[in-house]
Protein chains: 2
Amino acid sequence: MQTVRKDIHNSEVPVLCQSCEARHQGICGALSAEQLVTLSKQSRRVHRSEGEELLGDAMPITGYANVLRGVVKLTKVLEDGRQQVVGLQFAPDLLGRPFAQESRVSVETASDVDLCMIPKPALEAMMRDSGALEHRVMMQALRELDEARDWMVTLGRKTAGEKVASFLYLIATHIDPSEDEAITTFDLPLSRADIADFLGLTIETVSRQISKLKADKVIEIANYRHVTVRDLAQLRLRCG
Amino acid sequence: MQTVRKDIHNSEVPVLCQSCEARHQGICGALSAEQLVTLSKQSRRVHRSEGEELLGDAMPITGYANVLRGVVKLTKVLEDGRQQVVGLQFAPDLLGRPFAQESRVSVETASDVDLCMIPKPALEAMMRDSGALEHRVMMQALRELDEARDWMVTLGRKTAGEKVASFLYLIATHIDPSEDEAITTFDLPLSRADIADFLGLTIETVSRQISKLKADKVIEIANYRHVTVRDLAQLRLRCG
DNA sequence: CGCGCCTTTGACAGCGCTCAATAGGTGTGG
DNA sequence: CCACACCTATTGAGCGCTGTCAAAGGCGCG
């Protein structure tokens, strides 16, 4: 006769969560089946198309959301309109600045995305109950801090060529959360304008640098968006 | 007869901690007198002079430290020597990337500093016991993340003049943790080289922009380091 | 097929970097 | 007390990278 461990028995895991990535690598991995049921009752999956604003800067935060598929960008804008992308969120990241009353960034979809929306009180109550959950949220915040600091070096000290190479390398290593290694062919989840705002450049400079990488046979590009990395080592080298 | 609340009765607070800023605004504010005693037994106050390296990049982390006075800079270096300051820590910030095995930044004193060193196992054990402590550490990490993202806008989208104004404004509002408002006269805690590495500029450009602010009567400078802000509104305006 | 949007490419200008010389402040020794 | 050295900061000249402005090319969609 087979032993059944309660916490992984699928009949106790909400249908919504059964094939969900956030339950493994994401924050829901810190929850028991029981907690998962409680949380899933208040959550709902939604789809958002490319270019939608999920939350504006200085808007009150009403909830959190797990990214299940796609890419979400966090941006800040200066008064005169200059824009900077300050973060990219991939599955299974949690969206939403924990414990903040209002957003300090604008949150927009960079591609089509699937989200699992969680009301703010629901997740925060569960964080108070479960140290393990709060710990996992903290670990994500710390990882985001590491990534932000890595990117500050790129923004402050790299040339345009190095910035574009760094961006392509980042996407190659982050686009598919299930892969540990970099993948060498993928669709860019960002427009040239978004890439420029992420790198602190203009679209023209981004375009020129991409063309140079193409001319140097480091990458190939079809239909503006579909990238094949022909020489990953060379791309890595050009990151500075 | 006076009521004595145990948790604030000074005779129970370790001597080391009695006049310590970290006990109020810093992470130690989350601790009971009893926990404070436990932690203080394993901690020690130390002084470090300007320009000392506290921890190298990729070095194993042996402990945490509260900044009690002075400024500490976190830097990253590219292989060819280009350097970027990715964070500044003022009192009563906690130094040390929580739960990391090794450092991802180089930690150096930017000025003379006083620190309260805490062994890694001691603080982490107490975080496991005290959700309130872990929560406070998390809140600091989230604040640092907010600050890093603010700075990404400065690095990616501001002109040299705006960068220097932003730096001076940051120092005016952060140098003295006891002041809520910006203070208008202070000593720069960073050399021109450090400022340049923080702003992603060269020392020459930093110098030129400071001279311009001086010529425009926005600030005055004595002895290279002592700054008086003559027109704070104008300085704010020039931050972009 | 024609229109609109995104991207690419080109010409030119300007901001910030590089290289170099000068100025100012600090510390030491005569 | 001053002369000198050393270090940091300032100032200047020239150039190159990246931004600006403009036009053309490519893809999707009606």
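Every chain is numbered from 1 and lettered A, B, ... according to where its sequence line falls, protein lines coming before strand lines.
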- request: On DNA chain D, check which nucleotide each of A:V206 and B:I203 is closest to and give me the residue with the more 5' one.
  value: B:I203
Indicate whether OP1 or OP2 belonging to [N] is found under 4.0 Å from a side-chain N or O atom of [X].
X	N	result
B:T202	C:dC17	yes
B:S211	D:dT11	yes
A:R208	C:dT8	no
A:S191	C:dC6	no

Rounded to the Å, how far apart are [X] [atom1] and [N] [atom2]?
X	N	atom1	atom2	result
A:I210	C:dT9	CD1	P	11 Å
B:R225	D:dC7	CZ	C1'	12 Å
A:K214	D:dG25	NZ	P	15 Å
B:Y224	D:dT8	OH	P	12 Å
B:I221	C:dG24	CD1	C1'	14 Å
B:L155	C:dG16	CG	C1'	15 Å
A:L201	C:dT7	CG	P	15 Å
B:N223	C:dG24	CG	C1'	10 Å

query: Under 4.0 angstrom, heavy atoms only, what part of the nucleic acid is A:S207 near: base, sugar-phosphate, or nothing?
result: base
- prompt: Contact class for A:G161 vs. all strands (heavy atom < 4.0 Å): base, sugar-phosphate, or nothing?
  reply: nothing
query: Should the ring pair B:W151 and B:F198 be called parallel, tilted or perpendicular, given that the plane angle runs from 0 to 90° and is split at 30 and 60?
result: parallel
message: By nearest atom, which of the nucleotides C:dG16, C:dT8, D:dG19 is closest to the A:R192 side chain?
response: C:dT8
query: Do B:S166 and B:K158 pass the side-chain hydrogen bond (donor to acceptor under 3.5 Å, both in side chains) test, and can you show the C-alpha distance, the side-chain angles, and the key distance before you say yes or no?
result: CA-CA 9 Å; B:S166 301; B:K158 292 189 185 176; 3.1 Å; yes
message: Quick one, A:R238 with A:Q234, criterion side-chain hydrogen bond (donor to acceptor under 3.5 Å, both in side chains). Give me CA distance, side-chain angles, the key distance, then yes/no.
response: CA-CA 6 Å; A:R238 294 192 185 210; A:Q234 180 60 227; 2.9 Å; yes
message: What's the separation between atom CG in A:L145 and atom CZ in A:R143, rounded to the nearest 0.5 Å?
response: 11.5 Å
message: Quick check: on DNA chain C, is the nucleotide nearest B:Q209 upstream (toward 5') of the one nearest B:E204, or the reverse? Name the residue that is more 5'.
response: B:Q209
message: Taking B:D114 first and then B:R48, would you say they form a salt bridge - that is, a charged N and a carboxylate O separated by under 4.0 Å?
response: no
